[in-house]
**Student:** 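The structure that follows is given in the form of structure tokens.
Below, chains carry the letters A, B, ... as their sequence lines are ordered, and counting in each starts from 1. What you see is a predicted model, and the numbers here were worked out from it, not measured in a lab.
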Amino acid sequence: MLRTHTCGELNKDHIGQTVTLSGWVDRVRDHGGGKFIDLRDRYGKTQVVIDPDSPKQAMDNVQPVRNEFVIQVIGKVSERPAGQDNPKISTGQIELHVEELNVLNACKTPPFVPNQKDLPNEDLRLKHRYLDLRRKPMQETLVLRSRIIKAMRDYCEANDFIDVETPILGRSTPEGARDYLVPSRVHNGQFYALPQSPQIYKQIMMIAGYDRYVQVARCFRDEDLRADRQPEFTQLDMEMSFVDGDDVIGMIDGMMQKLAKDVLDIDLQLPLPRMTWDEAMTRFGHDAPDLRFGVEIVDLTDIAAKTEFRVFRSVADSGKFVRGICAPNGQSKFSRRGIDDLTKFVQEDFGAKGLAWFRVEEDGTLNSTIAKNFQAEELAEIATRMEAKPGDLVMIIADTWEVSCKALYGLRKRIGAELELYDPKTMNFSWVTEFPMFEHDPEADRWIAMHHPFTAPLESDLEHLDTDPGKARAQAYDLVINGYEAGGGTIRIHDNKIQEKVFGLLGLNAEAAQERFGFLLDALQYGAPPHGGIALGIDRVVMLFNNLENIRDCIAFPKTQKATDLMMEAPNLVETLQLKELGIEITKTDDDA
RNA sequence: GGCACUGUAGCUCAAUUGGUUAGAGUACCGGACUGUCGAUCCGGUGGUUGCGGGUUCGAGUCCCGUCAGUGUCGCCA
């Protein structure tokens, strides 16, 4: 037997027993006469003692032992001498006196060790991921991830969901994100696509009568990465029949309540708050607002229209918007130079023309280099509307609706973090609903589906499809946690007539729609029940429940920003023979450029 | 594709703002030490400053290019 116990479970109750432990050497403390070894596994650490009374076998075998060796120790559990307890570890009241020590495997001098204080650079961590994953924070995250997924599955099972696996090799549907393509050997020149989501399969499952479907589904999107975005990620994918949006939201409300209780021991009040997309954009400039703090956008366009300040006047007169936010006590953090930084930020990242700002003086008046362009009453009106207090910093963007939303969202996010307007440990759950059906693409002058082309419009907005598609709102809902989109879903179109109309608006004629989604259109005609669903980003949920800022730390083997795996060195070149079998010829590589 | 930050010993960082032989902690190697738990003490090995070019009497430091990691905008139905 290689071990009788783990390194985290021995305590005073085991004193006197002879046990066998196996694990990694976390640290060796050499005192000449004796040695202390902290033996580690994922359950904890146990102190192993070798002293002059230990058998020669152990004395000899321990000689070459260094960090991260894998060893096995047989010995007697002993109470530690008085005053020598270590309260930092679960086994701190006992230690193991060695009777036999075996090196199960040596370890090269590692580039870094799991208990090291300063984390190595990310590329090194990813290259030696097996070492990085030995770190306690990584192990805790992966354990929590496992618990979260189990809680999700338990909840779904309790609610009669059926777990169904859908294919990884599917069909390319060029709408939306770029597909990862897989060449077919049997059909040279043809390709499978990895699923961006199991969307169509799960709808087909509804038509097939499996009224509650769930899957922990791996999804793939060949787009650029972010701190919260990986090219391959995991969704809790769900679909339900005979439901409306409230039913789906209610189901997820219950799941979040269970997760919060099971995982974080937080009691969530249900129903979770909801706001419409319009409201979110107006108040926060974004469809996933962070509601852990206030600081809402204030519209000043009407005041701006009255002023002599040409920048504001011209923007207001041309139908654009003058909107701002007020950073509480913002002057403490943002000096003139800090404001210059914010100005650069909104210009470079969001294309804003500039940033107008005012300091709120002790007497409550607004002051700034541009203040002379305003009447005192106008400044007072701005201050009143923004509820500006002495010490605050008022920031105003005069631009199109879109730019003011983006820039103010960016500013709000920054000041929230930099002025510490919220406790980063708090959790905030909410819904954003009634997304627009379509976005207008000004370049191609056409409508694009905001969610996906199977999204059902609100019943009340059906008429807009014919008259003013931009006004049509969807039966869509996003779950927002701490300013992140943690999931999103819609009620689907089950009526083929409406589906055809939507395809038409998206520029897909009957022929093109049949070509791309024919199988779904066919299926919809064979008794499709009303249905809808949602997909939760599991990696993001894990990130948020762990209070992490980086999704790579929630995934065992993540990719770098350039979508490579530094450990496996993927992607890689393949054998010419493989390409030949696939009928593929490489005509251009990165090296050509 | 754009912008920004980072890259110096195995690892984490420093180098007085362009100046002489690039330092420290840790790891590693050797030695001392019977109770430590980030053990301690003594000694030692270890460097193409990511790579290529340029400016300069002189470059880790400045400039250009490039590679890699990260953040972000575009992108992500």
Side-chain angles (χ1 to χ4, degrees), chain A residues 26-39 45-54 66-68 78 80-89 91-92 95 97 108-113 115-128 131 173-179 196-197 199-200 219-231 233 341 344-352 406-407 410 413-414 435 437-439 441 447-455 474 476 485 488 490 502 506 508 516-517 537 549-550 552 559-562 564 566 590-591 593:
Chain A
D26 199 60
R27 187 161 262 133
V28 182
R29 290 179 293 280
D30 188 347
H31 288 253
K35 283 187 182 187
F36 299 96
I37 293 174
D38 291 336
L39 194 63
K45 294 180 196 173
T46 302
Q47 173 161 283
V48 173
V49 182
I50 296 146
D51 59 28
D53 298 333
S54 302
R66 297 291 182 275
N67 281 340
E68 299 307 305
S78 311
R80 290 194 179 200
Q84 304 266 342
D85 287 2
N86 183 354
K88 289 186 206 162
I89 57 177
T91 62
E95 58 192 13
H97 284 261
K108 283 171 64 176
T109 302
F112 62 95
V113 288
N115 63 19
Q116 136 178 352
K117 189 181 61 179
D118 296 310
L119 265 183
N121 280 327
E122 183 119 21
D123 47 354
L124 200 70
R125 291 177 55 200
L126 291 174
K127 181 161 192 242
H128 302 277
L131 295 178
T173 51
E175 290 276 321
R178 293 183 184 88
D179 286 319
Q196 297 181 24
S197 91
Q199 181 61 37
I200 293 173
C219 304
F220 307 84
R221 293 178 191 176
D222 187 5
E223 296 293 343
D224 286 353
L225 289 79
R226 288 286 186 281
D228 63 347
R229 227 159 67 189
Q230 282 273 307
F233 58 100
D341 275 353
K344 236 174 100 183
F345 171 59
V346 294
Q347 288 173 331
E348 290 178 357
D349 277 13
F350 306 107
K406 285 179 181 176
K413 196 169 164 178
R414 265 189 75 162
F435 282 66
M437 283 288 288
F438 308 103
E439 277 175 297
D441 176 359
W447 297 104
I448 331 175
M450 193 141 179
H451 198 76
H452 55 59
F454 319 114
T455 300
E485 179 195 334
T490 63
V502 168
L506 294 172
L508 286 174
R516 281 192 200 173
F517 305 113
E549 288 175 348
N550 182 323
R552 291 185 301 280
K559 306 256 187 304
T560 69
Q561 196 182 51
K562 289 211 170 71
T564 62
L566 292 181
D590 277 353
D591 297 338

**Student:** Just checking A/Pro111: base, sugar-phosphate only, or nothing, at a heavy-atom cut-off of under 4.0 Å?
**Tutor:** sugar-phosphate
**Student:** Counting distance alone, no hydrogens or angles: does the base of B/G7 have a donor or acceptor under 3.5 Å from a partner atom on the side chain of A/Asn121?
**Tutor:** no
**Student:** Which part of the nucleic acid does A/Phe36 contact within heavy-atom distance under 4.0 Å: base, sugar-phosphate only, or nothing?
**Tutor:** base
**Student:** When the distance from CG of A/Asp224 to P of B/C73 is rounded to whole Å, what number comes out?
**Tutor:** 12 Å
**Student:** So, is A/Thr109 near the phosphate of B/C29, with a side-chain N or O under 4.0 Å from OP1 or OP2?
**Tutor:** no
**Student:** Return no unless some side-chain N or O of A/Lys88 is found under 4.0 Å from OP1 or OP2 of B/G38.
**Tutor:** yes
**Student:** Is any side-chain N or O of A/Arg29 closer than 4.0 Å to OP1 or OP2 of B/C33?
**Tutor:** no
**Student:** When only distance counts, do a donor and an acceptor, one from the side chain of A/Arg229 and one from the base of B/C75, lie under 3.5 Å apart?
**Tutor:** yes
**Student:** Specify the separation, in whole Å, of atom CG of A/Asp85 and atom C1' of B/G35.
**Tutor:** 13 Å
**Student:** Measure from NE2 on A/His31 to C1' on B/U34 and round the result to the nearest Å.
**Tutor:** 9 Å
**Student:** Decide yes or no, distance alone: a donor-acceptor N/O pair under 3.5 angstrom between the base of B/G74 and the side-chain of A/Arg226.
**Tutor:** yes
**Student:** Base of B/G2, side chain of A/Glu348 - is there a donor-acceptor contact under 3.5 Å?
**Tutor:** no
**Student:** Counting only Watson-Crick pairs (N1-N3 plus N6-O4 or O6-N4) and G-U wobbles (N1-O2, O6-N3), all under 3.5 Å, who is the partner of B/U56?
**Tutor:** none
**Student:** If I compare all heavy atoms of A/Glu68 with all of A/Pro110, which pair ends up nearest, and what's the gap?
**Tutor:** CG-CG, 4.1 Å
**Student:** Checking all strands, does A/Asn550 fall into the base, sugar-phosphate, or nothing category for heavy-atom contacts under 4.0 angstrom?
**Tutor:** sugar-phosphate
**Student:** Identify whether any heavy atom of A/Thr564 sits under 4.0 Å from a base atom; if not, whether one sits that close to sugar-phosphate; answer base, sugar-phosphate or nothing.
**Tutor:** sugar-phosphate
**Student:** Over all strands shown, is A/Ser197 touching base, sugar-phosphate only, or nothing at heavy-atom distances under 4.0 angstrom?
**Tutor:** base
**Student:** Can you tell me how far C1' in B/U45 sits from the matching atom in B/G31, rounded to whole Å?
**Tutor:** 15 Å
**Student:** Under 3.5 Å, is there an N or O donor on one side and an acceptor on the other linking the side chain of A/Gln561 and the base of B/U72?
**Tutor:** yes
**Student:** Does B/A22 pair with anything, Watson-Crick or G-U wobble, both distances under 3.5 Å, and if so, with which nucleotide?
**Tutor:** none
**Student:** Could you tell me whether the side chain of A/Arg80 has a donor or acceptor atom within less than 3.5 Å of a complementary atom in the base of B/C37?
**Tutor:** yes
**Student:** Take atom P in B/C28 and the same atom in B/G23, then report the distance between them in whole Å.
**Tutor:** 23 Å
**Student:** Considering every strand shown, what is the Watson-Crick or G-U wobble mate of B/A68 when both distances are under 3.5 Å?
**Tutor:** B/U6
**Student:** Is there a donor N/O on one and an acceptor N/O on the other, under 3.5 Å, for the side chain of A/Glu95 and the base of B/G35?
**Tutor:** yes
**Student:** What's A/Asn86 touching, base or sugar-phosphate or nothing? Going by heavy atoms closer than 4.0 Å.
**Tutor:** base
**Student:** For A/Arg178 and B/C76, give me the distance from atom CZ to atom P, rounded to whole Å.
**Tutor:** 8 Å
**Student:** Please tell me which of the listed nucleotides, B/G71, B/C76, B/G35, lies nearest to the side chain of A/Gln47?
**Tutor:** B/G35
**Student:** Going by purine N1 to pyrimidine N3 plus the second Watson-Crick contact, or the G-U wobble pair, all under 3.5 Å, which nucleotide sits opposite B/C37?
**Tutor:** none
**Student:** Using the glycosidic torsion, which applies to B/U72: syn (within 90° of 0) or anti (everything else)?
**Tutor:** anti
**Student:** Report yes if at least one side-chain N or O of A/Thr560 is closer than 4.0 Å to OP1 or OP2 of B/G69; otherwise report no.
**Tutor:** yes
**Student:** Taking the side chain of A/Asp123 as its heavy atoms from C-beta onward, which of B/G71, B/G69, B/C76 lies nearest to it?
**Tutor:** B/G69
**Student:** Distance between the P atoms of B/G58 and B/U21, in whole angstroms?
**Tutor:** 14 Å
**Student:** Could you measure between the two P atoms, the one in B/U70 and the one in B/U8, and give it in whole Å?
**Tutor:** 16 Å
**Student:** Sort out the partner of B/G43 for me: Watson-Crick or G-U wobble, both distances under 3.5 Å, none otherwise.
**Tutor:** B/C29
**Student:** Using a heavy-atom cut-off of 4.0 Å across all strands, would you classify A/Lys406 as base, sugar-phosphate, or nothing?
**Tutor:** sugar-phosphate
**Student:** If you define the side chain from C-beta out and look only at heavy atoms, does anything of A/Val49 sit under 4.5 Å from A/Phe36?
**Tutor:** yes
**Student:** Identify whether any heavy atom of A/Arg552 sits under 4.0 Å from a base atom; if not, whether one sits that close to sugar-phosphate; answer base, sugar-phosphate or nothing.
**Tutor:** sugar-phosphate
**Student:** Please state whether the phosphate of B/U12, meaning OP1 or OP2, lies under 4.0 angstrom from any side-chain nitrogen or oxygen of A/Lys117.
**Tutor:** no
**Student:** For A/Pro453, report the nucleic acid contact type (base, sugar-phosphate, nothing); a contact means any heavy atom under 4.0 Å.
**Tutor:** base
**Student:** Counting only side-chain heavy atoms from C-beta out, which of B/C29, B/G35, B/G71 sits nearest to A/Gln84?
**Tutor:** B/G35
**Student:** Please give, in whole Å, the distance from B/G69 P to A/Lys127 NZ?
**Tutor:** 13 Å
**Student:** What's A/Leu506 touching, base or sugar-phosphate or nothing? Going by heavy atoms closer than 4.0 Å.
**Tutor:** nothing
**Student:** Contact class for A/Ile89 vs. all strands (heavy atom < 4.0 Å): base, sugar-phosphate, or nothing?
**Tutor:** nothing
**Student:** Has the side chain of A/Gln116 got a donor or acceptor atom sitting under 3.5 Å from an opposite partner on the base of B/U12?
**Tutor:** no
